[in-house]
Amino acid sequence: MSETTLSGYRVLAIVTNYGVEQDELVVPVEHLRERGATVVVAAAARDAIQTLVGDKAPGRTVQPDTTFADAGSDFDLLLIPGGTLNADALRLEDGAVDTVRAFAASGRPIAAICHGPWALAEAGVVEGRTVTSYPSLRTDLRNAGATWVDRSVSVDDDGPFTLVTSRRPDDLDDFLPAVEKALAGSPHQES
């Protein structure tokens with residue numbers, strides 16, 4: 001993996017307070033922070049986030065930095081981790097869906113893994129885009145107008161914003177470099 005310096009870049013990760021897949025939140029957050037990025041975790045509430053492993057076993061708890069409502073907009077990339085329970089609840093959170101729409105409208109990159117792309121479909125930002133996800137979402141994403149592909153990572157940079165998607169925690173080794181590249185190429189980074 002590259003040793004990209006991401007100092008000065010800001011990432012917003014959005015999750016609910018229960019059910020996010022542990023490695024899809026913790027691994028990217030730690031990875032991006034190690035590369036120098038500031039990563040802010042926003043949840044529905046300020047309560048601790050209970051992650052899960054395999055949608056079943058309790059994982060680590062993570063303290064959110066803020067809530068959707070208080071996160072602000074000064075970020076270069078949006079990260080949407082999965083986990084079935086998290087992603088299903090996240091797409092019902094107006095603040096989360098509004099955040100997805102705002103990032104897409106502003107041209108800033110979005111990265112989503114596993115069930116995370118459900119929020120993209122809910123926000124109406126995947127029409128005409130090529131995406132991947134956990135396989136059970138393929139019909140939902142196709143119905144939202146996306147072209148679904150079965151690969152470890154999909155990078156669609158032909159639209160108004162770069163969209164990085166991935167299937168599952170096993171694909172993090174491919175997902176993380178693609179997220180780094182999208183972040184480093186973000187047009188919103190201040191010089």
Side-chain angles (χ1 to χ4, degrees), residues 1-15 20-43 49 51 60 62 64-66 71 73-83 86-87 90 96 99-121 123 125-126 129-134 137 141 146 148-190:
M1 226 173 276
S2 69
E3 289 298 323
T4 306
T5 299
L6 298 173
S7 181
Y9 289 90
R10 292 176 45 84
V11 175
L12 179 64
I14 57 172
V15 296
V20 64
E21 183 66 31
Q22 174 183 275
D23 287 352
E24 294 172 8
L25 173 62
V26 173
V27 172
V29 166
E30 290 176 353
H31 176 86
L32 292 168
R33 286 178 177 163
E34 287 171 4
R35 299 289 190 276
T38 298
V39 183
V40 173
V41 178
I49 299 162
T51 70
R60 290 172 44 183
V62 175
D65 300 300
T66 190
S73 61
D74 186 26
F75 296 95
D76 301 300
L77 181 138
L78 178 63
L79 174 66
I80 310 171
N86 168 69
L90 191 67
T99 298
V100 173
R101 287 185 184 123
F103 268 81
S106 70
R108 291 173 287 172
I110 298 174
I113 186 169
C114 197
H115 287 79
W118 256 340
L120 303 172
V125 300
V126 293
R129 306 306 299 270
T130 299
V131 300
T132 194
S133 67
Y134 194 77
L137 272 64
L141 291 164
W148 188 87
V149 294
D150 184 14
R151 58 177 84 127
S152 62
V153 68
S154 171
V155 178
D156 183 336
D157 54 8
D158 290 333
F161 63 96
T162 298
L163 180 57
V164 180
T165 52
S166 195
R167 298 176 302 192
R168 58 181 58 96
D170 290 346
D171 296 329
L172 282 165
D173 286 343
D174 294 330
F175 181 65
L176 295 174
V179 172
E180 278 186 45
K181 185 176 179 183
L183 180 57
S186 173
H188 294 272
Q189 171 61 25
E190 301 207 6

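Quick caveat: nothing in here was measured; it's all calculated off a predicted structure.
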Open item on the list: Between Ile14 and Val100, does the side-chain contact (heavy atoms from CB on, under 4.5 Å) criterion hold? Intermediate values first, please.
Closed with: CA-CA 9 Å; Ile14 57 172; Val100 173; 4.1 Å; yes

Has [X] got a side-chain atom pairing as donor or acceptor with [Y]'s backbone, closer than 3.5 angstrom?
| X | Y | result |
| --- | --- | --- |
| Ser154 | Thr132 | no |
| Arg10 | Thr38 | no |
| Glu24 | Gly82 | yes |

Sequence-distant partners of [X], side-chain hydrogen bond (donor to acceptor under 3.5 Å, both in side chains), two or more places apart:
| X | answer |
| --- | --- |
| Arg60 | Glu30 |
| Ser166 | none |
| Asp150 | Arg167 |

Task: Results of salt bridge (Lys or Arg N to Asp or Glu O under 4.0 Å) for Asp156 - residues two or more places apart only - done: Arg129

Open item on the list: Checking Asp170 now: which residues fulfil salt bridge (Lys or Arg N to Asp or Glu O under 4.0 Å) with it, not counting sequence neighbours?
Closed with: none

Can you name the nearest heavy-atom pair linking [X] to [Y], along with the distance?
| X | Y | answer |
| --- | --- | --- |
| Val155 | Ala178 | CG2-CB, 3.8 Å |
| Gly116 | Ala87 | N-CB, 4.1 Å |
| Trp148 | Ser133 | NE1-OG, 2.9 Å |
| Leu77 | Ala182 | CD1-CB, 4.2 Å |
| Phe175 | Ala111 | CZ-CB, 3.8 Å |
| Phe161 | Val125 | CZ-O, 3.7 Å |

Open item on the list: For Val11, run the side chain to side chain contact (heavy atoms under 4.5 Å, CB included) check against Leu183, Asp76, Val41, Val40 and tell me which one passes.
Closed with: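 Only one of Leu183, Asp76, Val41, Val40 forms a side chain to side chain contact (heavy atoms under 4.5 Å, CB included) with Val11, namely Leu183.
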
Open item on the list: Here's a test for you: under side chain to side chain contact (heavy atoms under 4.5 Å, CB included), which of Val20, Val29, Val27 qualifies with Pro81?
Closed with: Val20

Mind checking the [atom1]-[atom2] spacing from [X] to [Y]? Nearest 0.5 Å is all I need.
| X | Y | atom1 | atom2 | answer |
| --- | --- | --- | --- | --- |
| Leu25 | Asn86 | CG | CG | 8.5 Å |
| Ile80 | Ile113 | CD1 | CD1 | 12.0 Å |
| Leu32 | Leu6 | CG | CG | 6.5 Å |
| Thr130 | Asp157 | OG1 | CG | 10.5 Å |
| Cys114 | Leu137 | SG | CG | 8.0 Å |
| Leu163 | Asp158 | CG | CG | 11.0 Å |

Open item on the list: Is the shortest side-chain heavy-atom distance between Val126 and Pro117 below 4.5 Å?
Closed with: no

TODO: Taking only Lys NZ, Arg NE, NH1 and NH2, and the carboxylate oxygens of Asp or Glu, determine whether Arg33 and Asp65 approach each other closer than 4.0 Å.
DONE: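 Result for this pair is yes, salt bridge flagged.
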
TODO: Just jot down the ring pair (Phe, Tyr, Trp, His ring centres under 6.0 Å) partners of Tyr134, sequence neighbours excluded, or say none.
DONE: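 With neighbours one apart ignored, the set is His115.
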
